[in-house]
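By convention in this document, chain letters (A, B, ...) are assigned in the order of the sequence lines, proteins followed by strands, and residues within each chain are numbered from 1.
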2 protein chains.
Amino acid sequence: MRIGELAELAGTTTRALRYYEAQGLLPARRGANGHREYDQSDLRLVSEIRSLTGIGFALEETRPFLDCLRTGHPTGDSCPASVAVYRRKLAELDELIGRMSAVRERLRDQLALAELPFTTPVCPTSAGSDLDHGDNAEDPDR
Amino acid sequence: MRIGELAELAGTTTRALRYYEAQGLLPARRGANGHREYDQSDLRLVSEIRSLTGIGFALEETRPFLDCLRTGHPTGDSCPASVAVYRRKLAELDELIGRMSAVRERLRDQLALAELPFTTPVCPTSAGSDLDHGDNAEDPDR
DNA sequence: CTCCACCTTGACGCCGACGTCAAGGCAAGG
DNA sequence: CCTTGCCTTGACGTCGGCGTCAAGGTGGAG
């Protein structure tokens, strides 16, 4: 099949496919007229790329999965390199979720405070720099 | 004070401050020589920008908070527009955390599967396929 | 006077993953 | 033959938030 068809089947664009090729992720055979020629295995590769990037993987991170598929493995994550990416990504995700949850807490508290009609606007006596009178005193920086 | 001092006090760079000004977030008075002139209220504004962007707000989203401070309110979130941004951001955050948690689950499951020694691969008749006699199954979660 | 640190504006670079336009080739149908 | 539709390569645009360089102005110390 040609690039347009593959793009449609994979639910992406020809531009994206050419980009993947330029990144060395999706080498393409060429027909006599110079047109790129793809088959089902390429559709499989593109699907792998799409599903991985779809859940937050960078393009570069999909490479091990593609190599894995290309070397005949049944799934892209059947290889150690892919599993390593999984592990790393999972750790990143946990880190990110943790930070975002902390922000969420702070935000929730701030929202609650900000929604109070008219309580303690310029509240005297209490030195006003302690807006973290909640629970956490951890990790002041970063 | 001048831009360099403000930058240092606020823990940022002169480039960033000029950028904020270009975005209309931090208008600056000018001295006779054309140099930007700032005071404590500007430091307050920059601090507001930094703390908000630091927890994931886009620059543009800090605008209501700055307007709020500039109109004399004690905190940047004392105004309805700011509260609205809070609400929106909190919703975004919940959405994001939700999606990421879902991805995390999928990833965890995939990782668990991918880490299983050798079940139904195309593995070419490898008799001694038990090369995983080490410590597999280490820390399946997290 | 020079030197130096600071300031000014302008403009290009960067990152990722493409979008979009330009200019042209090639095959099939009317 | 001409149009239509797909394909090709090349190259610039996008978004955010600045970094970095260039070329020049200014004010105070030595």
Touch class at under 4.0 angstrom, heavy-atom based, for A:Thr53 against every strand present: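 No contact.
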Which nucleotide wins on minimum distance to the side chain of [X], given the candidates [options]?
X       : options                : answer
B:Arg2  : C:dC7, C:dG19, C:dA17  : C:dC7
B:Arg30 : C:dT9, C:dA17, D:dC7   : C:dT9
A:Tyr20 : C:dT9, C:dC18, D:dT26  : C:dC18
B:Ala58 : C:dT8, D:dG17, D:dT26  : D:dG17
B:His35 : C:dG19, D:dC18, C:dT8  : C:dT8
B:Arg15 : C:dT9, D:dC18, C:dC18  : D:dC18
B:Tyr19 : C:dA17, D:dG25, D:dG16 : D:dG16

What is the separation between atom [atom1] on [X] and atom [atom2] on [N], rounded to the nearest whole Å?
X       : N      : atom1 : atom2 : value
A:Glu37 : C:dC26 : CD    : P     : 17 Å
A:Gln23 : C:dG16 : CD    : C1'   : 9 Å
B:Glu8  : C:dC6  : CD    : C1'   : 13 Å
A:Asn33 : C:dG24 : CG    : C1'   : 15 Å
A:Phe57 : C:dC18 : CZ    : C1'   : 20 Å
A:Glu60 : C:dC15 : CD    : P     : 13 Å
A:Leu17 : C:dC18 : CG    : C1'   : 11 Å
A:Glu21 : D:dT9  : CD    : P     : 7 Å

Polar side-chain atom of A:Ser82 near backbone of A:Ser78 as donor-acceptor pair, under 3.5 Å: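 Not a single qualifying donor-acceptor pair exists.
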Side-chain donor or acceptor of A:Asp109 paired with backbone N/O of A:Ala112 under 3.5 Å: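 No.
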B:Glu21/B:Arg18 salt bridge by N-O under 4.0 Å criterion: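 Not counted as a salt bridge, because no side-chain N and carboxylate O are separated by less than 4.0 Å.
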Carboxylate-amine/guanidinium contact B:Arg2 B:Glu5, below 4.0 Å: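 No, no charged N to carboxylate O under 4.0 Å.
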N/O (side chain, B:Arg36) to phosphate O (OP1/OP2, C:dC7) under 4.0 Å: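 No, because none of the side-chain N or O atoms of B:Arg36 sits under 4.0 Å from OP1 or OP2 of C:dC7.
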base_contact_polar (D:dT8 base, A:Arg18 side chain, donor-acceptor, <3.5 Å):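 Per atom types, no contact qualifies.
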Residue closer to the 5' end of DNA chain D, A:Thr14 versus B:Arg50 (nearest nucleotide):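 On the 5' side of the pair lies A:Thr14.
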Distance-only side-chain donor-acceptor flag, A:His73 / A:Thr71, under 3.5 Å: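 Per modelled atom types, A:His73 and A:Thr71 side chains form a pair under 3.5 Å.
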Closest-nucleotide ordering on DNA chain C, the 5'-leading residue of A:Thr12 and B:Ile3: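 That would be B:Ile3.
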